[in-house]
There are 2 protein chains.
Amino acid sequence: MKGHQTTIIDIANALNLSKSTVSRALTGHPNVKTKTREQVLALAAQMDYQRNQLAISLLTSQTKTIGIMVPEFLSFFFPKVIIGAQEVLAKAGYNVVICHSNESYETEMANARGLLASRVDGLLVSHTKETRNFDHFRIFERKGIPVVFFNRICEDMAVSKVTVDDYQGAFRAVEHLIETGKRWIAHLAGPDSLQNSRNRLNGYLDALKKHDLAVDSSLIISYDLTLDKANIYVNHLLNLPQPPDALFAINDPTAIEALKVIKARGLRMPDDIAVVGFSDDPISALVEPGLTTVAQPVTEIGEQAARLLLSQLQNDDDRFEPETVVLPTYLIIRGSSRPS
Amino acid sequence: MKGHQTTIIDIANALNLSKSTVSRALTGHPNVKTKTREQVLALAAQMDYQRNQLAISLLTSQTKTIGIMVPEFLSFFFPKVIIGAQEVLAKAGYNVVICHSNESYETEMANARGLLASRVDGLLVSHTKETRNFDHFRIFERKGIPVVFFNRICEDMAVSKVTVDDYQGAFRAVEHLIETGKRWIAHLAGPDSLQNSRNRLNGYLDALKKHDLAVDSSLIISYDLTLDKANIYVNHLLNLPQPPDALFAINDPTAIEALKVIKARGLRMPDDIAVVGFSDDPISALVEPGLTTVAQPVTEIGEQAARLLLSQLQNDDDRFEPETVVLPTYLIIRGSSRPS
DNA sequence: CTGTTAGCGCCTTCAA
DNA sequence: TTGAAGGCGCTAACAG
């Protein structure tokens, strides 16, 4: 029962027309007799005709679909970015295809290969934490397929990028902790491979420096973002001879893992230890105490990235200038750090 | 700078071969001189050659990609299902394309049209809450493209389906509330268009009946799953002359919204009112009190759906028998209902 | 207004 | 071992 897909030829034969006429009728070309068009349209509907996008794409070498590559989508962040991007792209007549690498460099490369093979018109990318070699994205560049990075960006590629001001967000978060009287602030950092985790680390360091606080390397732990590790490191920090009086975490899941450990130990927040996260995950407002966090305009990241891609898609011949958009962050203070 | 994509003809010309030979060398056909093959392979790599999947698909009329359609992916559920499906599909050599309808029937139809046009080999679907007409999926069926429904299924289509035992899960949840002494149990139900919300409602009703408790229609509210509505309805229930002593919510986000309202009113859980959700969203373990919930094997839903699709994809000629898999659920008791 | 022709990039007979 | 030719489904000239 392998269904034969009806083609314009089937319709043409049935109506004793040439396939060109059928094609014209279907695409709304003006030069077709009204009656002919009606006949074609009627039969097409009746036969479940669907234009084969594959053939059209082969012909026009544009697929009208954009690929979005994300490293994970279990936390709210990437789904929300995608929703923003999808909205803008849909308005411009593009379909969206999402590929999920699960933080695996291998899968990311496979996905890139797949998207290249299926000839997407453009690419929105946030790479995995394992990705250090970007050749699989450079191929797109070389073929003239626009690529826009967001959130996790590749500094070495001359393409458009959308990020938030990670440095400033981190700086503000740590300064806030200092203002509430904290002096021995730990930082659970992300992997060094991610530019945003480096920026957040720098924000942390500079905030300390600005307020003449010593930087103690034993208080800075860089880790791979897997939550069981977070648990171990938080425990490690709390077991230190002089445990930190505050913790700035690379992201909200990490911070929430810290909350769990802290509560399990019967410590009080923020008196014994204050905690700040990054992203304003919806969970942050739900946990107890509420989590202080650096919010970022998530949907807007997707929208901006989509717009940059679109503008690049439009201006074909003109010389293209890569653009970098940096969106602002702002601190949301909740119970985990608000002085009582 | 519109990049010309290198084709086998480019390689053929450069090497003074015919495109057939190049094709054979590239696909690993045995009848090619080793030296020729090496030359072709070397040049292909050097020229960034990528086979055009479009052309191949046009030829073989199979794209080796599966479309997955989900109504939303902000909560953990659908992403996790997708991860499960993707794993199984990837092992079988299929790429995955995700389409997100944002609970919009229009978008769902547009996505279906897109996937049909790009000739996916199969479809995994969970429809929107607005979907009452399934013609856009029937077209796939008629064309011999296998469709498998999961989570939100269409009863009227004779295709494979994967669900969990919603009825039993709901029944067990409500019975648990009764066992802890609750007698006046409200149900915040989902829209009637969703089969699983109907099943959960039935489980609720039958549990009451089994224990000879009256069913009071004022305690049953069916709503559209938008959280601000949940807030309104929970307040409404608590303002009743005789407010409920327990609430069974259609899903965890709803239940958590209820927790917020209940806590804001200074009511105690579970003494004043107990709450049970559905799905075991990771947030459920983090809120205070912890949320009692009906857990379901989320990843397995995706895996099973993928397997059903694959088996259908494999047996081409044979008569196909649609299969329905119902996965078990189990109750996780936490503070929101555990008697103190 | 409609038909004919020529490809888009690739694989697959069929010949040589 | 290689080349030539045909065709997947469609659109876009170019003729009538």
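None of these values were measured; they are calculated from a predicted model. Residue numbers start from 1 in every chain, and the chains themselves are labelled A, B, ... in the order their sequence lines are given, proteins ahead of strands.
Residue-level contact check: A/Thr27 touches the backbone only, with heavy atoms under 4.0 Å from sugar-phosphate atoms and none from bases. When heavy atoms are screened at a 4.0 angstrom cut-off, A/Ile8 is found touching base atoms of the nucleic acid. Within 4.0 Å of A/Arg51, counting heavy atoms only, lie sugar-phosphate atoms of the nucleic acid but no base atom. B/Ser61 comes within 4.0 angstrom of nothing in the nucleic acid, heavy atoms only. Among the protein residues, B/Asn31 comes within range of the nucleic acid bases, having at least one heavy atom under 4.0 Å from a base atom. Base engagement by B/Leu59 is indicated by at least one non-hydrogen atom pair under 4.0 Å involving a base atom. Nucleic acid contact class of B/Thr60 (heavy atoms, under 4.0 Å, all strands): none.
Salt bridge annotation for A/Lys80-A/Glu303: absent, with no cationic side-chain nitrogen under 4.0 angstrom from a carboxylate oxygen.
Comparing A/Ala55 and B/Lys33 by the nucleotide of DNA chain D whose heavy atom lies nearest to each, the residue mapping closer to the 5' end is B/Lys33. Heavy-atom distances to DNA chain C give each of A/Leu17 and B/His29 a nearest nucleotide, and the one nearer the 5′ end belongs to A/Leu17.
For the pair A/Lys161 and A/Phe149, the cation-pi criterion (under 6.0 Å, within 45° of the ring axis) is not fulfilled.
Atoms CG (A/Leu54) and P (C/dG9) sit 14 Å apart, rounded to a whole Å.
Phosphate contact (OP1/OP2 of C/dG3, side-chain N/O of A/Ser18, threshold under 4.0 Å): present.
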